[in-house]
Asker: 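Just passing along the structure, written as structure tokens.
Every chain is numbered from 1, with letters handed out A, B, ... down the list of sequences. In what follows, every heavy atom counts, from backbone to side chain, and hydrogens, waters and symmetry copies are set aside.
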Amino acid sequence: MCGRTACTLAPDDVPRACGFRDRGGKRRQPRWKDGDGNKYFPSHNVSPQSRTPVLVCSSHFGGEVQTEDRTLAAMQWGLVPSWFKGDPKGFGYKTNNARSEGMMTKGFFKGPLQKGQRCVVLADGYFEWQTGKDGKKQPYFIYFPQNKGEGGDLEDKPEKGEGGNLEDKPECEKASDLEVKHEIGEGGDLEEDPGAWRGRRLLTMAGIFDRWTPPEGGEPLYTYTVITVDAAPATAWIHHRMPAVLDGEAAVRDWLEHGRVPLNKAVELIRPQECLTFHPVSTVVNNSRNKSAECVVPVVIGQEKPTASSKMMSAWLQKGKPAKQDKAEKTPPPNPKPGPPTPKPGLHLSPSAGLMSSWLKRGAKEEERDDKNPSKKRKT
DNA sequence: CCAGACGTTGTT
DNA sequence: GTCTGG
DNA sequence: CCAGACGTTGTT
DNA sequence: GTCTGG
């Protein structure tokens, strides 16, 4: 399940997107651990072994155990235990997820958990592949519902009734805003809060991290794993597992503050969440070398055959590259069978031109990053 | 006691 | 089938 | 998570 | 490091 994400915020924007209020009501932003802002590379197609932003309690980097301070670190996806002997390169192939059902007893995760090494994994959203009877896979992008006004000049929002919004407001503050809260959790009122983040609300997933020190010494390697749970009903028809999503500021805080919230309490946060929305995307995302924004653009299932406009869009997204020539323009009879396979399509958002533009809008500038990697040797 | 594994997903 | 690379 | 490789010898 | 199998 959770083996692919998108994380596209510029390193300098991540701290802003992680603004929160401390128990005194004061606004704070986590800071990057030394140099880590330069180790994270935004991408619309993040695979295990990449470094991505995670939040941890600052106690792990010199702060008091009880501190509310948070630190942003660029950790590597795929947990390498501190006791691992050998070359950690390529070790974490099977530790990108931790089953919540066994994490308290299995050595891989028990150790770090008992040391309070809980982290919050940040992303725009994650990808899930639905396997059809025919064996074909349809990828979906899954994320927190975004509020209106995103980016400032977006005039369209998802139709109401899209993602299952089970926003429970725990012990929130006085602010009764149901409108704006793009920051992690229930933000404050924007009107009197010019410092608030107005961009995308990042998905927050519960993770476990560890620190591995090379035998020969040198920089410690920080790695993490994403905890998984059974899928919530809303998305179970796509896939039967999902990441442990932390919905809201209170949950994020409790997962991070290991000095205040003991493990046996914190584990109560690990459970299926309904608070997500999603849309189908192109199989362009399948190959992790494809980093373009096309990975997150909504598609209409059954209409993935390139249309004139989609070709143009594709070409634009690819920017440098000429639109590839299709091998054969065989176009089977249009027998569109769109929509989610029946069960619970109720809270599905249907792609609209407007929605599409909202996804395109953010891809345009950021991609093009590492798509110039020379593939393997070429046969001669 | 020592040696050796230690993780996940999905699919059958 | 299984493992590595992304 | 998916995609793609998966092998050897000898010579430059 | 810690747990299981022998």
Asker: Provide, to the nearest angstrom, the distance between the CH2 atom belonging to A/Trp129 and the C1' atom belonging to B/dT8.
Answerer: 15 Å
Asker: Is a donor on one side and an acceptor on the other found under 3.5 Å between the side chain of A/Thr225 and the backbone of A/Asn96?
Answerer: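 Yes: the side chain of A/Thr225 pairs with the backbone of A/Asn96.
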Asker: Apply salt bridge (Lys or Arg N to Asp or Glu O under 4.0 Å) to A/Asp254 and list each qualifying residue two or more places apart in sequence or on a separate chain.
Answerer: A/Arg260
Asker: Should A/Ser288 be listed as having a side-chain N or O under 4.0 Å from OP1 or OP2 of D/dC1?
Answerer: no
Asker: Which value, in whole Å, describes the distance between the C1' atoms of nucleotides E/dT2 and B/dT9?
Answerer: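 It works out to 25 Å between them.
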Asker: So which protein nitrogen or oxygen atoms get under 3.5 Å of nucleotides 3-5 of chain B's nitrogens or oxygens?
Answerer:
none

Asker: Who pairs with A/Lys33 by salt bridge (Lys or Arg N to Asp or Glu O under 4.0 Å), at least two apart in sequence or on another chain?
Answerer: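 For A/Lys33, the residues satisfying salt bridge (Lys or Arg N to Asp or Glu O under 4.0 Å) (neighbours in sequence not counted) are A/Asp36.
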Asker: Only pairs at least two apart or in different chains count here, so list each side-chain hydrogen bond (donor to acceptor under 3.5 Å, both in side chains) that has a residue in residues 103-123 of chain A.
Answerer: none
Asker: Just to verify, what does A/Thr52 make a side-chain hydrogen bond (donor to acceptor under 3.5 Å, both in side chains) with, not counting sequence neighbours?
Answerer: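 Scan of A/Thr52 (side-chain hydrogen bond (donor to acceptor under 3.5 Å, both in side chains), adjacent residues dropped) gives A/Tyr224.
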Asker: I'd like to know if the side chain of A/His44 reaches the main chain of A/Val285, judged simply by a donor and an acceptor atom lying under 3.5 Å from each other, with no hydrogens or angles considered.
Answerer: no
Asker: Just to verify, what does A/Asn45 make a side-chain hydrogen bond (donor to acceptor under 3.5 Å, both in side chains) with, not counting sequence neighbours?
Answerer: A/Arg4
Asker: Using Watson-Crick and G-U wobble pairs with both distances under 3.5 Å, what is the 5'-to-3' dot-bracket string of DNA chain B, with [ ] for crossing pairs and | for pairs outside the strand?
Answerer: ||||||......
Asker: Choosing from D/dC1, B/dG7, B/dT9, which nucleotide comes nearest the side chain of A/Arg241?
Answerer: B/dT9
Asker: Rounded to whole angstrom units, what separation is found between the CZ atom of A/Arg4 and the C1' atom of B/dT8?
Answerer: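 After rounding, the reported distance stands at 15 Å.
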Asker: Sequence neighbours left out, what passes side chain to side chain contact (heavy atoms under 4.5 Å, CB included) with A/Ala6? Give chain and number order.
Answerer: A/Asp124, A/Phe127, A/Phe141, A/Val296
Asker: Can you list everything that forms a salt bridge (Lys or Arg N to Asp or Glu O under 4.0 Å) with A/Glu268? Sequence neighbours excluded, please.
Answerer: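 If we apply the salt bridge (Lys or Arg N to Asp or Glu O under 4.0 Å) test to A/Glu268, skipping adjacent residues, the hits are A/Lys265.
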Asker: What does A/Thr131 touch in the nucleic acid at a heavy-atom separation under 4.0 angstrom: a base, only the sugar-phosphate, or nothing?
Answerer: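 Here A/Thr131 touches the backbone only, sparing every base.
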Asker: Counting only non-hydrogen atoms, which of residues 84-91 of chain A are less than 4.0 Å from DNA chain B?
Answerer: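 By residue number: none to list.
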Asker: Which heavy atom in A/Lys39 sits nearest to a heavy atom in A/Ala74, and how many Å separate them?
Answerer: CB-CB, 4.0 Å
Asker: Tell me: CH2 of A/Trp77 to P of B/dT8, nearest whole Å?
Answerer: 15 Å
Asker: Figure out the CE/C1' separation between A/Met103 and B/dT8, and round it to whole Å.
Answerer: 15 Å
Asker: What's the CD-C1' distance between A/Gln49 and B/dT8, to the nearest Å?
Answerer: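 Distance check: A/Gln49 CD to B/dT8 C1' gives 13 Å.
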Asker: Considering every strand and a 4.0 Å limit on heavy-atom distances, what is the contact class for A/Pro48: base, sugar-phosphate, or nothing?
Answerer: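 Base contact - A/Pro48 has a heavy atom under 4.0 Å of at least one base atom.
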Asker: Under the salt bridge (Lys or Arg N to Asp or Glu O under 4.0 Å) rule, collect the residues that match up with A/Glu101, sequence neighbours excluded.
Answerer: A/Arg99, A/Arg241
Asker: Measure CD1/A/Ile238 against P/B/dT9 and give the value in whole Å, please.
Answerer: 17 Å
Asker: Taking 4.0 angstrom as the limit, do A/Lys89 and A/Asp87 come out as a salt bridge?
Answerer: yes
Asker: Cationic tip of A/Arg70 within the cone over A/Phe20's six-membered ring, i.e. under 6.0 Å and within 45° of the normal?
Answerer: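 The answer is yes; both the distance and angle limits are met.
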Asker: So if I take residues 107-115 of chain A and measure heavy-atom distances to DNA chain B, which residues fall below 4.0 Å?
Answerer: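 A/Phe108, A/Phe109, in order of number.
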Asker: Rounded to whole angstrom units, what separation is found between the CD atom of A/Glu128 and the P atom of D/dC1?
Answerer: 9 Å
Asker: For a quick test of reading the model, state the closest non-hydrogen atom pair linking A/Asp210 to A/Pro112 and the distance between them.
Answerer: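 Taking every non-hydrogen atom into account, OD2-CG, 3.4 Å.
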